[in-house]
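Worth saying up front: this structure is predicted, and the values here are computed from it rather than measured.
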Amino acid sequence: MDHFKLKFYAPRCNASHFLLPYLERDGMLTDEPGKADYLLCPFGFEFIVEYTNEQMYQMGFSVSDVREFKSIAEQLNSMSVKTGKPMVVIHYRDPSHDFGFENALVFRTSYNATNAGSKTFGLPAFVEGFPQNDNWVVRPKKSKPSVSFRGQSAPLMLPFKSELRIRAGKILTHFGLPGTIRQYYNNGYMLRRSAIRSLLKLEKLIDLDIALNQTNNALGYKEQYLKSFTENDYFIAVSGHGNYSFRLFEIMREGRIPVFVNTDCLLPCQDCIDWKKLLLWIEPEDVNRVAQIVLDTHNSLHPDDYCSWQYQIRDHYQKYLTTEGFYHYWINFLNNRALAVNPLCDYNF
């Protein structure tokens, strides 16, 4: 891969994220901030903003480690503002709140795309370490589409209080009144519910593989989940507790077609991946029509195009969304950004 030889300054501490081994392997780390192009926070920022001291202790970190992490972040932020060198932050968890850095590029799994601006970017959920099918084969097109969802959702029959809250919220919206009614189930879980209810209405035209709210350690869960990828065409992917879909990346890894309900997710690699073309993209206002959209899409596809779609999804996953693939994307992204800011700088190939 051709790229300029960037240098990263990452203070040493008792934690590291997935990028550091690659940077060390490729000789891109420096102990001298003055020689660095980027100041890299060496740990995932979730260590500071999400985990409690007790959780950190359970992961093997002490109270002094936590204090050190906070101190490193403050020092890097101050150094970034003083020198103009961008600070780079990785955040790999659910929360979507801002961190208050003045000159940072933040790569994160969970965020709202409309709020991202020019310094916040998507990060994949990395799924290589989770169970997968060993021998992938393309699935030929059949006359009847099959759709799968196995996971957590709001119940298909909501409790009476939840129904009242939804109706009250619709009344407020209809009359343009301020304020929202807090729901017990998050937006992603409600959209999952709506998508599944839509599918059930057309279950005579679509083969369904639906299993709701099973625990991951239930007997046979893993086997049935992996089997679903060999037996189905389309898979519902909607955000969960954070505004991103872990399942999306599992579906892409398995080379199947995600039915992706957009919740304003900040998807990764947007300058290289045309997500709206790669996925079966559903806007939230159309979620009640998911079944018809799947049916129409499937019926319109030539068998060769259907197979090609699976290959494209799997190829994009392998190229950009594995840890190794994203690392190479990330280096090129930062390289291009550095060159755009200072095109006359003396980088070496």
Side-chain angles (χ1 to χ4, degrees), residues 113 122 124-128 130-151 191-192 195-196 198-199 202-203 205-210 225-239 244-263 265-284 286-322 324-326 328-329:
F126 298 113
V127 298
E128 299 106 301
F130 292 82
Q132 58 186 300
N133 292 302
D134 295 328
N135 300 309
W136 181 79
V137 293
V138 68
R139 182 174 165 84
K141 183 186 176 186
K142 297 184 178 181
S143 59
K144 194 175 181 181
S146 58
V147 183
S148 178
F149 179 81
R150 290 176 166 268
L191 289 170
R192 295 177 185 188
I196 294 163
S198 168
L199 291 166
L202 293 182
E203 59 182 331
L205 302 176
I206 300 173
D207 289 330
L208 297 181
D209 174 29
I210 306 294
Y225 185 61
L226 292 178
K227 187 179 179 183
S228 71
F229 288 112
T230 66
E231 297 184 345
N232 295 285
D233 305 300
Y234 303 90
F235 293 77
I236 303 298
V238 194
S239 62
Y244 73 105
S245 170
F246 188 92
R247 189 177 309 274
L248 168 65
F249 301 97
E250 288 185 313
I251 298 165
M252 294 182 68
R253 179 194 66 190
E254 299 291 336
R256 298 299 182 243
I257 300 171
V259 181
F260 180 75
V261 182
N262 177 37
T263 56
C265 292
L266 182 61
L267 292 167
C269 311
Q270 292 192 29
D271 52 333
C272 294
I273 300 177
D274 189 340
W275 286 99
K276 287 189 176 182
K277 288 186 178 180
L278 187 64
L279 312 178
L280 181 47
W281 188 277
I282 309 291
E283 293 296 347
D286 295 323
V287 71
N288 293 321
R289 299 178 50 248
V290 159
Q292 192 62 55
I293 293 172
V294 169
L295 194 61
D296 291 346
T297 299
H298 188 78
N299 290 339
S300 70
L301 285 170
H302 186 280
D304 291 345
D305 294 331
Y306 173 75
C307 292
S308 176
W309 197 356
Q310 295 173 67
Y311 280 115
Q312 290 177 35
I313 289 169
R314 185 170 166 84
D315 287 347
H316 277 76
Y317 169 77
Q318 293 175 329
K319 183 175 182 180
Y320 296 110
L321 305 174
T322 62
E324 177 89 29
F326 184 79
H328 289 299
Y329 162 83

Under 4.5 Å between any side-chain heavy atoms of [X] and [Y], yes or no?
| X | Y | value |
| --- | --- | --- |
| Pro258 | Tyr234 | no |
| Leu267 | Ile273 | no |
| Asp207 | Val147 | no |
| Val127 | Phe246 | yes |
| Val137 | Thr230 | no |
| Leu279 | Leu248 | yes |

* With sequence neighbours left out, what residues match Arg150 under salt bridge (charged side-chain N to carboxylate O under 4.0 Å, His left out)? ->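 Scan of Arg150 (salt bridge (charged side-chain N to carboxylate O under 4.0 Å, His left out), adjacent residues dropped) gives Asp209.
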Review point. Residues two or more places apart in sequence or in another chain: which of them pass salt bridge (charged side-chain N to carboxylate O under 4.0 Å, His left out) with Arg139?
Key: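 Counting only residues at least two positions away or on another chain, Arg139 forms a salt bridge (charged side-chain N to carboxylate O under 4.0 Å, His left out) with Asp233.
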For [Y], is there any backbone N or O sitting under 3.5 Å from a side-chain donor or acceptor partner on [X]?
| X | Y | value |
| --- | --- | --- |
| Ser308 | Asp304 | no |
| Asp286 | Ile282 | no |
| His298 | Val294 | no |

Gap separating the [atom1] atom of [X] from the [atom2] atom of [Y], nearest 0.5 angstrom:
| X | Y | atom1 | atom2 | answer |
| --- | --- | --- | --- | --- |
| Trp136 | Phe229 | CH2 | CZ | 13.0 Å |
| Ile313 | Met252 | CD1 | CE | 6.5 Å |
| Phe249 | Phe130 | CZ | CZ | 12.5 Å |
| Ser198 | Glu203 | OG | CD | 11.5 Å |
| Leu321 | Phe326 | CG | CZ | 8.5 Å |
| Asn232 | Leu208 | CG | CG | 9.0 Å |

Provide the closest heavy-atom pair for [X] versus [Y] in the form atom of the first, atom of the second, distance.
| X | Y | answer |
| --- | --- | --- |
| Ile206 | Ala291 | CD1-O, 3.6 Å |
| Pro145 | Leu205 | CD-O, 3.9 Å |
| Pro284 | Val261 | CA-CG1, 4.3 Å |
| Arg314 | Gly255 | CB-CA, 3.9 Å |
| Ile257 | Trp309 | CD1-CE3, 3.5 Å |
| Asn133 | Leu226 | ND2-O, 3.2 Å |

Gln318 and Thr322 side chains, donor-acceptor separation under 3.5 Å |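 On atom types as modelled, these side chains do not qualify, holding no pair under 3.5 Å.
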Exercise. Got a sec: does the NZ of Lys141 have more than 12 other heavy atoms crowding it under 6.0 Å?
Worked result: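 Buried by this count: over 12 neighbours within 6.0 Å.
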Over 12 foreign heavy atoms within 6.0 Å of NZ, Lys144:
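It does: Lys144 NZ has more than 12 such atoms within range.
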Using side chain to side chain contact (heavy atoms under 4.5 Å, CB included), reason through Tyr329 and Asp271 one step at a time and then give a plain yes or no. CA-CA 10 Å; Tyr329 162 83; Asp271 52 333; 2.6 Å; yes
For Arg256, enumerate each residue passing the side chain to side chain donor-acceptor pair (under 3.5 Å) test, keeping only those at least two apart in sequence or located in another chain.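 So Arg256 forms a side chain to side chain donor-acceptor pair (under 3.5 Å) with Gln310.
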Sequence neighbours excluded, which residues qualify as side chain to side chain donor-acceptor pair (under 3.5 Å) partners of Ser245?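 With sequence neighbours excluded, Ser245 shows a side chain to side chain donor-acceptor pair (under 3.5 Å) to no residue whatsoever.
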Using the test side chain to side chain contact (heavy atoms under 4.5 Å, CB included), find all partners of Gln132 that sit at least two apart in sequence or belong to another chain.
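With sequence neighbours excluded, Gln132 shows a side chain to side chain contact (heavy atoms under 4.5 Å, CB included) to Arg253, Glu254, given in chain and number order.
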Exercise for review: Check step by step if side chain to side chain contact (heavy atoms under 4.5 Å, CB included) holds for Ile236 and Leu199.
Suggested key: CA-CA 10 Å; Ile236 303 298; Leu199 291 166; 4.1 Å; yes
Between Tyr320 and His328, ring centroids under 6.0 Å: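 Ring centroids of Tyr320 and His328 are no less than 6.0 Å from each other.
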Could you please spell out the steps behind the side chain to side chain contact (heavy atoms under 4.5 Å, CB included) verdict for Val287 and Val238?
CA-CA 11 Å; Val287 71; Val238 194; over 6 Å; no
Taking ring-ring contact (aromatic ring centres under 6.0 Å, His included) as the definition, give me every residue that meets it alongside Phe260, ordered by chain and number, with sequence neighbours left out.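 Trp281.
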